[in-house]
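Here's the structure we're looking at; comments come further down.
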Protein chains: 2
Amino acid sequence: MKEGPNIALAGSLIGDPARANMLLALMSGKALTASELAREAGITVQTASFHLAKLTDAEFIQPRKQGRHRYFNLAEDVAVILEQLIGLAASRGHTRTRTGPNDLALRKARICYDHLAGESGVQLFDFLKTQGLICGPDEDLQISNSGTDFFNSFEIDLDAMYRSKRPTCKACLDWSARRSHLAGWLGAALLQKFFQLGWARRLDNSRIIQFSPSGEQKFQALLDVPKRN
Amino acid sequence: MKEGPNIALAGSLIGDPARANMLLALMSGKALTASELAREAGITVQTASFHLAKLTDAEFIQPRKQGRHRYFNLAEDVAVILEQLIGLAASRGHTRTRTGPNDLALRKARICYDHLAGESGVQLFDFLKTQGLICGPDEDLQISNSGTDFFNSFEIDLDAMYRSKRPTCKACLDWSARRSHLAGWLGAALLQKFFQLGWARRLDNSRIIQFSPSGEQKFQALLDVPKRN
DNA sequence: AGGATGCTTCGATTAACATCGAACTATGAA
DNA sequence: TTCATAGTTCGATGTTAATCGAAGCATCCT
């Protein structure tokens, strides 16, 4: 018997179409109920229950009870791998239908677990780095002094961020842009801020993030700050 | 029918124990024959042939004929995902035997497809970055002027690197150290140099890279260069 | 040319897993 | 308390995929 990590277990969990559909649905970052996931996967709630038990045992998802509803969240490190697998499938042409307008919209701006991904997400990340607002290695980014000023002026609660146990800011490799976008607490907070400001909204039943015309303008204006060096 | 990337296909390819064993064997970076892969996976050559056909169709591996031997190489982007899956499995305790001395050795220094991973790999990467020998975003690192001098003095053929089509240097997230090590052409070239210098060697039938005592000293001396700022 | 080796293909077999109807439990509303 | 809804568990069924022996093809050695 071979020793070492059992990647076949992880692969087989992702490898069932029903489970894959549920995991992808959870990539939206929303908690979904067992019934909702059953519908997303096109199976009965009995079958969904069987699959959700497996995914829960493997710590791919976390359940949370609320009355008679069972909500499920995706584990963050699983989301990272799913993003990579989406990229691999796309690069190999392993798609289930032809690409369409939604495909372009997903490339432009989409939610990746809880943060902004796509070209807009990559643009944002590049901006934060080139402006020196965040610095350090991509897996352990820190906020600089000028970054603190910037985020405070943007009304991001940095104290809450520092109190949080999750990574403050880290890079997430974006399959569509082949560059990184910003994940972590800060990445999530920025996206929530764009929602709050009305710049962007998520589309129903999709990972697409849609900027309004004025929101897009404001977003680009934010990034179009004269360079400091 | 759901649309979008078919991650279930990729998951199911990795999800079979025999295929997973073969893929992990190919993580050593070596090309292996169908018979060798059958032995690695503990199956007959007929079964291996069936699986190798599937992996080839999906472009997870590339075949190469040499007389009556069929050699297979792992696709580089698949290697990146497998490294992530190894990390996920490790974090969940999904291992097939208890951790042992090999586990520590793998964490210390191992080959990841064709470059150095583990603590040593992370140390090397940190050194190159903090010394300013490479710079830029982790997915598109560039060699600085001082880096060019350094690598030339270390007898790395940079002209060959610039002629190569593969990424010159990029980061690869190391599951064991939770930080990145150096992948790409440069990462591979540096590891080959350590082999050539006799500082390190690969262990048979393992991904472990073993530094000799004097090699370890020289490697640490290389990294222990006074800081430039 | 004949034998050996590496590998592929085919067909039969077996095992594993996903599926859902029925029954049940837990929670919420009337 | 009763009914409705959400979700779980159980058992039976069907499907899918992995497996290997046998046969065959390609390549290499004597």
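These numbers come from a predicted model, not from an experiment. A, B, ... follow the sequence lines: proteins, then strands. Residue 1 opens every chain.
Which of dC20(D), dG28(C), dC20(C) sits closest to the side chain of Thr47(A) comes down to dC20(C). The His51(B) side chain lies nearest to dT19(D) when the options are dG6(C), dT19(D), dT9(D). The side chain of Ile43(A) has dC20(C) as its nearest neighbour among dC20(C), dA6(D), dA26(C). The side chain of Phe50(B) lies closest to dA18(D), out of dA18(D), dA6(D), dC20(D). When the nucleotides dT19(C), dA26(C), dT8(C) are ranked by their closest atom to the side chain of Arg70(B), dT8(C) comes out on top.
Ranked by how close their nearest DNA chain C nucleotide is to the 5' end, Gln46(A) and Asp16(A) are led by Asp16(A). Projected onto DNA chain C by closest heavy-atom contact, Arg19(A) and His69(A) fall at different nucleotides, the more 5' of which corresponds to Arg19(A).
Across the protein-nucleic acid pair, Asp57(A) atom CG and dC17(C) atom P stand 14 Å apart, rounded to whole Å. One can place CE of Met22(A) at 11 Å from C1' of dA18(C), the figure rounded to the nearest angstrom. Atom CG of Leu52(B) and atom P of dA17(D) are 18 Å apart (whole Å). dG3(C) atom P lies 16 Å from atom CZ of Arg68(B), rounded to whole Å. Residue Leu32(B) contributes atom CG, which lies 15 Å from atom P of dG6(C) at whole-angstrom precision. The separation between Leu37(B) atom CG and dG6(C) atom C1' is 13 Å, rounded to whole Å. One atom, CG of Leu55(A), and another, P of dT8(D), lie 12 Å apart when rounded to the nearest Å. The interatomic distance linking Asn21(A) (CG) with dA18(C) (P) rounds to 14 Å, in whole Å.
In this structure, Arg19(A) contributes its side chain and Ser12(A) its backbone to a donor-acceptor pair below 3.5 Å. The closest donor-acceptor contact from the side chain of Tyr113(A) to the backbone of Glu83(A) lies at 3.5 Å or more, if one exists at all.
Remark: Leu182(B) CG to Leu116(B) CG distance equals 9.5 Å, nearest 0.5 Å.
Across Asp77(B) and Ser91(A), no two heavy atoms sit closer than the pair OD2-OG, 3.9 Å.
By the 30° and 60° cut-offs, the orientation of the rings of Phe211(A) relative to Phe194(A) is tilted.
Nucleic acid contact for Lys54(A): sugar-phosphate only, since backbone atoms but no base atoms lie under 4.0 Å from a heavy atom of the residue.
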